[in-house]
Amino acid sequence: MKELAWQEVNKKDAIVTKRKTFKTQEAMEKFIEKLYEKDNFCRILSTR
């Protein structure tokens, strides 16, 4: 099980921290690619 924590800007212009778990490394990498394309993405905080 892999986990990802990242920050993004919500609709109220506040920075929020989000987390998501993945079954495989490939699934997490695919999700990260999609995050980088989002306009409201700030940064990845950690993976484990």
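Atoms considered below: every heavy atom in the structure, side chains included; atoms not considered: hydrogens, waters and symmetry mates. On a predicted model such as this, the values are computed, not experimentally measured, just so you know.
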Under the side-chain contact (heavy atoms from CB on, under 4.5 Å) rule, what do Leu45 and Thr17 come out as? Steps first, then yes or no, please. CA-CA 9 Å; Leu45 296 174; Thr17 302; 3.6 Å; yes
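- Residue pairs meeting the salt bridge (charged side-chain N to carboxylate O under 4.0 Å, His left out) criterion with at least one member in residues 28-43, sequence neighbours excluded: Glu8-Lys38.
- In this structure Arg48 satisfies the side chain to side chain contact (heavy atoms under 4.5 Å, CB included) test together with Glu3, sequence neighbours excluded.
- Annotation: the span from Lys2 atom NZ to Thr21 atom OG1 amounts to 12.5 Å, rounded to 0.5 Å.
- Atom-to-atom distance recorded for Arg19:CZ and Ser46:OG is 6.5 Å, nearest 0.5 angstrom.
- Listed by chain and number, the residues in a side chain to side chain contact (heavy atoms under 4.5 Å, CB included) with Thr24 are Glu26, Ala27 (sequence neighbours excluded).
- Apart from Ile15 itself, the hydrophobic cluster it occupies contains Val9, where clustering links Ile, Leu, Val, Met, Phe, Trp and Tyr at side-chain heavy-atom distances under 4.5 Å.
- Through side-chain heavy atoms spaced under 4.5 Å, either directly or across other Ile, Leu, Val, Met, Phe, Trp or Tyr residues, Leu35 is tied to Leu4, Trp6, Phe22, Met28, Phe31, Ile32, Tyr36, Phe41, Ile44.
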